[in-house]
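Just below is one structure, and these are the notes that go with it.
Only heavy atoms go into these numbers, but all of them, side chains included; no hydrogens, no water, no symmetry mates.
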Amino acid sequence: MNSPGACRSVMILTLVFVGAVAWGGEPNEVPISLDFEVSSTPLGPFTPDAPSVPVFRWRAFGPYKPTYAAAIDLVEPTEFLPTPTRGGMSGFPEFAVDKAALSPRQKEFLQATRAITRNQDNILLDRSNPNGPRRVLLYALSLDDAKEMARAYFDFAANKTFRRTLADNREELRTLAARLAGDEKRFAEVEKTLDTAQKALDELVKTVPYRTQEEAHGAIGELDRMLNAAQVEIVGITAKIDAIQAYRQQRRDETGHVIERETGTRLDMMFVEESVALRGAEARKQMATRLREQANRFLDLTSTLAAATQDRKSLPTQVDRLRNGLTETQNYLERLRQEEPKIPDKVVIYPVQWQDVSAGN
């Protein structure tokens, strides 16, 4: 068992973590503001209708022939920048359709070609400069759509993905800290609980005839039967006394004199007998109630002792596990903050050219 000093140090650590989480607050969404440059150098010409490889992969674009592509340089940190090669663009087309101010035709284009974002050999990736970074190409049917696609890309990376992950892990940190604080409180009180419950049980066993929970449950069952019988008896005796009182009242005339002295005397005797019986039945009920309370108290104390004994055994391991989880989550949050996507100062948009194979070009 840990010492009280170690327990206090763990509690202080818990409070530090809780304070750090509270100080961090909830991650607010980053407003996406981008500048754009339209390049004079077009991409292409592409041939969407050709059946040969590798241009065959462009055929999905054939009915739409996007006219622009926003180029997103994959500059570190790239952990949360959606890229097809890692499957990280899953959900982005749907996000753009739902959140971005795209034209209806652009939304139709994204929905029709969303499977392309999950291909490994992907037309959405290229490296125009062999010495430069790879880039993601976001194709669009108009210049305005290209700009909106770029904004949606960084909104998805920074707010939908990164900040949602940050918020989830902060919530996990809060949960772990709260659980650790609760377990530490139980851990600090378990010895006191064991001592108090054991002393109370030692005193109680001096007055009860049972020593196990099974015996106590058996006693409760028997006492319940006694209580039920006593309650039924009390109801019967009370009814008799009420009847005797009614007959005694009927045996008097308007002046209050007894009409039949012999009958009145007999009723008086019956009243006394039933009153004594009622006192006895009530006494039996009170004793059965008290004994049942003792049995319940015995069960409560033995259950408390068993739970506290188990806590004394298991809580140190559980506390250590929570402390490790808290530390790991905190360390991950520190690393996570270093992976926040950087919003570029400028995004280059390229015109896209298409070649009409059917015309013989």
Derivation and outcome, side-chain contact (heavy atoms from CB on, under 4.5 Å), residues L124 and M89: CA-CA 10 Å; L124 303 183; M89 294 192 77; 4.2 Å; yes
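- Between D202 and K199 there is no salt bridge, since no side-chain N of the basic residue sits under 4.0 Å from a carboxylate O of the acidic one.
- Two residues are said to be in side-chain contact when any heavy atoms from C-beta on lie closer than 4.5 Å; L125 and L74 meet this criterion.
- Without hydrogens or angle criteria, D145 side chain to S103 main chain gives a donor-acceptor distance under 3.5 Å.
- Counting heavy atoms from C-beta on, the side chains of F154 and V347 come closer than 4.5 Å.
- For T207 (side chain) and L204 (main-chain N/O), a donor-acceptor pair under 3.5 Å exists by modelled atom type.
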Show your reasoning for whether salt bridge (charged side-chain N to carboxylate O under 4.0 Å, His left out) applies to R290 and E293. CA-CA 5 Å; R290 185 170 68 85; E293 290 172 351; over 6 Å; no
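- A distance-only check finds no donor-acceptor pair linking the side chain of T67 to the backbone of V352 [under 3.5 Å].
- At a threshold of 4.5 Å between non-hydrogen side-chain atoms, the residues F109 and P63 do not count as touching.
- Ionic pairing of K160 and D155 is not present here: no N-O contact between side-chain nitrogen and carboxylate oxygen is shorter than 4.0 angstrom.
- Judged by distance alone, with hydrogens and angles left aside, the side-chain atoms of D195 form no donor-acceptor pair with the main-chain N or O of E191 at under 3.5 Å.
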Steps toward side-chain contact (heavy atoms from CB on, under 4.5 Å) verdict (T78, T83): CA-CA 9 Å; T78 61; T83 54; over 6 Å; no
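- R163 and E340 are joined by a salt bridge, as a carboxylate oxygen and a charged side-chain nitrogen come within less than 4.0 angstrom of each other.
- Between Q318 and F187 the shortest side-chain heavy-atom distance does not fall below 4.5 Å.
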Please assess L180 against V319 for the test side-chain contact (heavy atoms from CB on, under 4.5 Å), listing each intermediate value before the final yes or no. CA-CA 6 Å; L180 180 57; V319 165; 3.8 Å; yes
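- A donor-acceptor distance shorter than 3.5 angstrom exists from the side chain of N159 to the backbone of V30, with no hydrogens or angles considered.
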Could you walk me through whether M149 and Q106 satisfy the side-chain contact (heavy atoms from CB on, under 4.5 Å) test, starting with their C-alpha distance in whole Å, then the side-chain angles of each, then the deciding distance to 0.1 Å, before giving a yes or no? CA-CA 9 Å; M149 287 291 291; Q106 178 70 19; 3.7 Å; yes
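- No donor-acceptor pair closer than 3.5 Å links the side chain of E339 to the backbone N or O of P77.
- With 3.5 Å as the limit, one finds no donor-acceptor pair spanning the side chains of T329 and E172.
- By the 4.0 Å N-to-carboxylate-O rule, R279 lies too far from E282 to be salt-bridged with it.
- A donor-acceptor distance shorter than 3.5 angstrom exists from the side chain of Y210 to the backbone of A295, with no hydrogens or angles considered.
- For NZ of K285, the number of neighbouring non-hydrogen atoms (other residues, nucleotides, ligands) closer than 6.0 Å is 12 at most.
- When the side chains of ILVMFWY residues are joined at heavy-atom separations under 4.5 Å, either directly or via intervening members, V232 and L227 end up in two distinct hydrophobic clusters.
- Hydrophobic clustering (side-chain heavy atoms under 4.5 Å, transitive across Ile, Leu, Val, Met, Phe, Trp, Tyr) groups Y139 together with V38.
- Counting heavy atoms from C-beta on, the side chains of T165 and N169 come closer than 4.5 Å.
- In terms of modelled atom types and a separation under 3.5 Å, the side chain of T302 and the main chain of L299 share a donor-acceptor contact.
- Residues V208 and R297 are not in side-chain contact: their nearest non-hydrogen atoms beyond the backbone lie 4.5 Å or more apart.
- L81 is listed as a side-chain neighbour of Y153, based on a closest heavy-atom distance under 4.5 Å.
- Within the 3.5 Å criterion, the main-chain N or O of D224 finds no donor-acceptor partner in the side chain of R292.
- Side-chain contact between F92 and L138 is present, with at least one heavy-atom pair separated by less than 4.5 Å.
- Remark: E334 engages R337 in a salt bridge, criterion side-chain N to carboxylate O under 4.0 Å.
- Of the possible polar contacts, one joining the E215 side chain to the R211 backbone as a donor-acceptor pair under 3.5 Å is found.
- One hydrophobic cluster holds both L173 and Y332 under the rule that ILVMFWY side chains link at heavy-atom gaps under 4.5 Å.
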